[in-house]
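Owing to the predicted nature of the structure, the values given are computational and were not obtained by experimental measurement.
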Amino acid sequence: MEHLKSNIDSIFNLADKSNPNFEVIFKVDFDDYETIDYIKTWSNEWENITFIVNSRRKGYNSVVNHAENMLDCAKGRYVWGFPDDITIKTPNWNTILANKLTSDFKIYYPLVNHHRECTPIYPKKWKELLGYLAPHTGIDAYIQRIRELIVTGK
């Protein structure tokens, strides 16, 4: 729960509030009572947050299904999927990303804990073009490999 609170605080407290160009979608399992109780205390200050509460299904083996459900709910052009244990540390992160994601189809990797490949930002159109987000639970590795093929041709 502490990771989730820290994550939400970093997302909203460090966002450029004059530029509400982002939405946040969380997937919560039916049996995660602690998180469900926390959601009930969440302020209505932000309109761009959505919680999807549904079945855990097959746990980790269902990660791609959960990510696709969130992707289907997303309204924007780009999606940035990351786990609840990542904390944003860059002020005005949303405006910085908006300035970098100016084309219709770009894959971008922000620096996270000295790594880039773990939390890709990809176009929502990705699923429309391929028919799925990834064929397995390794979404980040799959997107990275596709990006490599596009950039290097190898």
Side-chain angles (χ1 to χ4, degrees), residues 1-57 59-128 132-134 137-144 146-147:
M1 178 54 64
E2 287 308 312
H3 288 302
L4 178 63
K5 288 179 185 176
S6 175
N7 178 279
I8 291 174
D9 287 345
S10 73
I11 290 169
F12 286 98
N13 293 338
L14 291 173
D16 177 355
K17 290 169 182 52
S18 68
N19 189 7
N21 63 341
F22 67 96
E23 63 185 315
V24 180
I25 303 170
F26 288 100
K27 193 284 187 204
V28 181
D29 297 331
F30 281 137
D31 61 353
D32 186 349
Y33 303 113
E34 184 180 12
T35 300
I36 291 170
D37 287 343
Y38 175 66
I39 291 169
K40 292 175 186 175
T41 69
W42 189 251
S43 167
N44 280 321
E45 175 185 357
W46 294 96
E47 295 178 13
N48 51 347
I49 187 166
T50 301
F51 292 95
I52 299 172
V53 181
N54 62 15
S55 171
R56 176 185 311 270
R57 297 186 64 189
Y60 182 74
N61 290 328
S62 296
V63 166
V64 73
N65 303 99
H66 301 314
E68 285 187 353
N69 287 343
M70 291 184 283
L71 178 62
D72 292 342
C73 289
K75 297 176 190 89
R77 288 184 329 164
Y78 280 92
V79 175
W80 183 12
F82 57 87
D84 67 354
D85 61 348
I86 288 181
T87 302
I88 293 174
K89 295 185 177 183
T90 305
N92 301 320
W93 63 269
N94 56 320
T95 298
I96 292 168
L97 286 176
N99 291 332
K100 291 193 179 288
L101 298 169
T102 56
S103 69
D104 284 339
F105 200 92
K106 183 176 184 178
I107 300 168
Y108 182 72
Y109 289 93
L111 186 62
V112 176
N113 298 335
H114 309 292
H115 300 284
R116 289 207 183 273
E117 290 76 23
C118 64
T119 60
I121 298 173
Y122 54 90
K124 181 175 178 173
K125 196 171 191 171
W126 181 280
K127 182 180 174 191
E128 178 185 324
Y132 53 82
L133 178 57
T137 58
I139 299 166
D140 51 352
Y142 182 73
I143 291 173
Q144 172 61 16
I146 297 291
R147 182 178 178 274

Problem - Test side-chain contact (heavy atoms from CB on, under 4.5 Å) applied to Trp93 and Ile96, step by step - result: CA-CA 5 Å; Trp93 63 269; Ile96 292 168; 5.5 Å; no
Practice task
Take Ile8 and Tyr38, measure what side-chain contact (heavy atoms from CB on, under 4.5 Å) needs, and give me the verdict at the end.
Solution key: CA-CA 11 Å; Ile8 291 174; Tyr38 175 66; 3.8 Å; yes
Exercise for the section: Start with the C-alpha gap between Phe22 and Phe12, add the side-chain angles, then the distance that decides, and say whether ring-ring contact (aromatic ring centres under 6.0 Å, His included) holds. Expected result: CA-CA 10 Å; Phe22 67 96; Phe12 286 98; 5.7 Å; yes
Practice task
Decide side-chain contact (heavy atoms from CB on, under 4.5 Å) for Val79 and Met70; before the verdict, give the C-alpha distance in whole Å, the side-chain angles of both, and the deciding distance to 0.1 Å.
Solution key: CA-CA 9 Å; Val79 175; Met70 291 184 283; over 6 Å; no
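Looking only at distances, a side-chain donor or acceptor of Arg77 sits under 3.5 Å from a matching main-chain atom of Leu101. Tyr78 contributes a side-chain N or O that, together with a main-chain N or O of Lys106, makes up a donor-acceptor pair within less than 3.5 Å. A distance-only check finds no donor-acceptor pair linking the side chain of Glu23 to the backbone of Thr50 [under 3.5 Å]. The backbone N or O of Asn19 lies less than 3.5 Å from a partner atom in the side chain of Asn94, making a donor-acceptor pair. Judged by distance alone, the side chain of Asp32 and the main-chain N or O of Thr35 form a donor-acceptor pair under 3.5 Å.
Between Phe105 and Trp126, the two ring planes are parallel [angle under 30°; tilted spans 30° to 60°].
The side-chain heavy atoms of Leu97 and Trp80, taken from C-beta on, include a pair separated by under 4.5 Å. Residues Thr90 and Leu14 fail the side-chain proximity criterion, which asks for heavy atoms closer than 4.5 Å. Between Lys27 and Asn69, every side-chain heavy-atom pair lies at or beyond the 4.5 Å cut-off.
Counting non-hydrogen atoms of neighbouring residues, nucleotides and ligands closer than 6.0 angstrom, the NZ atom of Lys125 reaches no more than 12 such neighbours. Dense packing is recorded around NZ of Lys17, with more than 12 heavy atoms of other residues, nucleotides or ligands lying under 6.0 Å away.
Nearest heavy atoms, Ser10 versus Ile88: OG-N, 2.9 Å. Closest non-hydrogen pair, Ala67 versus Leu133, comes out as CB-CD2, 3.6 Å. Of all heavy-atom pairs between Ala98 and Asn21, the closest is CB-ND2, 3.4 Å.
Rounded to the nearest 0.5 Å, atoms CG (Asn7) and NZ (Lys5) are 13.0 Å apart. One finds the CD1 atom of Ile139 at 7.5 Å from the CD atom of Glu68 (value rounded to the nearest 0.5 Å). With values rounded to the nearest 0.5 angstrom, Cys73 atom SG is found 8.0 Å from Lys124 atom NZ. Here the straight-line distance linking atom OG1 of Thr119 with atom CD1 of Ile143 works out to 10.5 Å at 0.5 Å rounding. Interatomic distance, CG of Leu71 versus CD1 of Ile25, reported as 8.5 Å (0.5 Å rounding). Taking CD1 from Ile36 and CG from Asp31, the interatomic distance works out to 8.0 Å, rounded to the nearest 0.5 Å.
Tested against Phe26, the residues Val53, Ile49, Ile52 include a single side chain to side chain contact (heavy atoms under 4.5 Å, CB included) partner, Ile49.
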